Undergrad: 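Take this structure first; my questions come after.
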Amino acid sequence: MLDIKLIRENPAYVRERLATRHGGDEAQVDTVLQLDEKRRALLVEVEQLKASRNRVSKDIGALMGQKKLAEAEAKKTETREIGDRITLLDKSVAETEAALNAVMLRMPNLPHSTVALGSTAAENPVIRVHGEASAFAFKPKTHIEICEQLQLVDFARGTKLSGSGFLLYTNWGAKLERALIQFLLDLHTEQHGYTEVAPPYIVGRHCMEGVGQFPKFLDQAYAVQEGLDTSSIGQLYLVPTAEAPVANIHREEILKFSQLPIRYAAYSPCFRAEAGAAGLGTRGMIRVHQFDKVELIKIVTPEQGYEELEKLVNNAERVLQLLGLHYHVINLCTGDMGFASAKTYDIEVWAPGQNQYLEVSSCSNCEDFQARRMSLRYKTEEGDNRLPHILNGSGTALARLFVALIETHQQADGSVLIPDPLRPYLKTDRIPVPTAA
RNA sequence: GGAGGGAUGGCUGAGUGGUCUAAAGCGACGGUUUGCUAAACCGUUUUACGGGUAACACCGUAACGGGGGUUCGAAUCCCCCUCCCUCCUCCA
């Protein structure tokens with residue numbers, strides 16, 4: 001959520017920044033200003049009335065104490081009318097606030113000044129490139145072919161169980177998935193200073209609202225129903241990312257200055273309905289309804305925000321470096337950024353079988369946008385309450401990392417070579433071609 | 001799922017319709033005293049919104065788990081909900 005004071009004091013700036021997203025959100029600024037003004041006018045009126053009612057009520061109490069019942073009764077009649085007006089005004093204040101809130105919750109964050117202007121993904125600048133696409137002496141197979149030959153994923157049975165977009169990992173595939181999760185968690189907790197947390201995979205709607213998933217992306221979430229109670233639907237949702245529970249861990253708290261910076265690493269499966277997404281009907285692991293991910297979350301002071309974002313990206317890049325993968329880092333332009341973010345780096349890893357880059361990490365500084373939504377603050381050394389910056393980054397997303405890994409390290413004989421850092425986890429140096437069954 | 005008990009400031013905990021302007025204690029912070037530490041004494045102690053100010057000050061309103069109701073007036077009475085605790089039931 002944006003700062004209402006900023007909109008009030010500098011609407012032109014807010015309009016200008018929102019317009020860079022090319023989402024048409026700047027048109028809402030006037031609505032906000034009108035509702036805000038109306039709300040404040042109503043507040044002044046109703047608060048004056050309440051002040052006078054409080055005074056008279058106190059007088060009545062005093063009169064009752066002195067047994068001047070007739071006078072007390074007279075005052076009661078007088079005040080009753082004030083009470084009725086207060087009730088009406090309170091109602092319009094509540095309505096105005098609700099309307100204001102509804103608009104505010106749908107307004108995206110303002111892009112940071114260093115973000116490139118642009119309207120589509122084609123305009124995202126490449127920040128840096130690591131390694132290069134490996135040359136193959138043979139035609140590299142796609143991950144689908146590799147998975148089938150090495151029996152890593154049973155696509156047909158995954159679909160039989162849950163429909164398209166769901167994967168059944170088998171044999172070495174299941175082990176590789178588990179090894180990667182453990183490798184990622186160990187890397188970030190042991191070498192990058194993150195504290196591991198294991199969050200619920202179902203969260204309340206307030207958490208979804210806190211990180212900015214709701215109300216805008218309600219159509220992308222899996223809602224949960226409790227037993228036969230249809231009224232329970234809409235209360236709980238499968239997490240689309242561990243960001244939803246983890247960023248909300250300290251919601252509605254006032255953190256001590258000494259607690260910052262907070263750095264959490266969490267594994268979770270991610271559930272995405274992907275309503276309206278194209279290409280989901282096709283086989284493969286690139287775009288699925290459920291995938292694993294290790295997420296990194298930071299809660300830091302505004303002064304540290306952007307420095308910590310750079311470190312966050314580096315932490316995620318380290319994963320790909322250790323696994324010997326070619327990737328590049330891009331900076332999402334204003335028109336391609338996520339709803340809650342002020343600045344986002346995407347890391348795209350090279351998948352030779354696909355002959356394309358795959359997004360495996362998205363690292364964002366949401367500044368105080370989420371903190372304001374979830375009412376998370378910290379106390380400065382001077383004793384003032386301030387909103388911290390909240391950052392999130394994938395460290396990294398698994399299904400696509402799995403794809404890049406097996407496509408990159410596939411061998412002429414059909415086996416997949418396992419990079420050194422992963423060998424202790426998988427307890428093998430290669431995934432062998434199964435002997436004919 | 002059933003029965004009962006709870007939810008008050010940073011913490012403990014009083015308060016059952018009107019100076020509640022929420023007692024008291026603990027903690028924390030500031031000050032006085034002090035060779036140092038401790039103790040004692042004095043003082044301060046939340047949040048949000050609005051008004052106001054150059055900025056402070058200051059003023060108002062709201063908040064005793066959340067929402068609604070009764071009343072001139074609600075921490076206090078009534079209704080609904082959430083969460084916690086104890087017991088029963090069920091369950092990996």
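Sequence lines set the chain letters: A, B, ... in the order given, protein chains first and strands last, and positions in each chain run from 1. Keep in mind the model is a prediction, meaning the values are calculated, not measured.
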Undergrad: Measuring only the C1' atom in each nucleotide, how far is B:G66 from B:A92? A whole number of Å is fine.
TA: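 These two C1' atoms come out 33 Å apart once rounded.
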Undergrad: Figure out the CD1/P separation between A:I60 and B:A74, and round it to whole Å.
TA: 12 Å
Undergrad: State plainly whether the residues A:K160 and A:D154 are in salt-bridge range, i.e. N to O under 4.0 Å.
TA: no
Undergrad: With the side chain of A:K379 defined as its heavy atoms from C-beta on, choose the nearest nucleotide among B:U47, B:G18, B:G50.
TA: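 Of all the options, the side chain of A:K379 is nearest to B:U47.
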Undergrad: Could you spell out the base pairing of RNA chain B in dot-bracket, with Watson-Crick or G-U pairs whose two distances are under 3.5 Å, [ ] crossing and | to another strand?
TA: ((((((((.[[[..)..(.....]]]((((((.......))))))((((((......)))))).[[[[[..)....]]]]])))))))....
Undergrad: Output the residues of residues 72-94 of chain A in contact with RNA chain B, where contact means a heavy atom of the residue under 4.0 Å from an atom of the strand; sort by number or write none.
TA: A:K76, A:T79, A:R80
Undergrad: So, for A:Y201 and A:F271, is the gap between ring centers shorter than 6.0 Å?
TA: no
Undergrad: Taking only side-chain N and O atoms of A:R40, does any of them lie within less than 4.0 angstrom of OP1 or OP2 on B:G51?
TA: yes
Undergrad: Does this structure show an ion pair linking A:K75 with A:E78, if we count only N-O contacts that are shorter than 4.0 Å?
TA: no
Undergrad: Going by ring-ring contact (aromatic ring centres under 6.0 Å, His included), name the residues that satisfy it together with A:F369, two or more places apart in sequence or in a different chain.
TA: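 Testing A:F369 for ring-ring contact (aromatic ring centres under 6.0 Å, His included), a comparison that skips the adjacent residues, returns A:F339.
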Undergrad: Of the nucleotides B:U47, B:G60, B:G50, which has the atom closest to the A:L43 side chain?
TA: B:G50
Undergrad: Does A:R53 put a side-chain nitrogen or oxygen below 4.0 Å from OP1 or OP2 of B:U71?
TA: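 So the side chain of A:R53 is outside the cut-off, no N or O lying under 4.0 Å from OP1 or OP2 of B:U71.
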Undergrad: Does B:G50 have OP1 or OP2 under 4.0 Å away from a side-chain N or O of A:R8?
TA: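 Yes, because at least one side-chain N or O of A:R8 sits under 4.0 Å from OP1 or OP2 of B:G50.
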Undergrad: Would you indicate whether the side-chain heavy atoms of A:Y169 and A:M285 approach each other to under 4.5 Å?
TA: yes
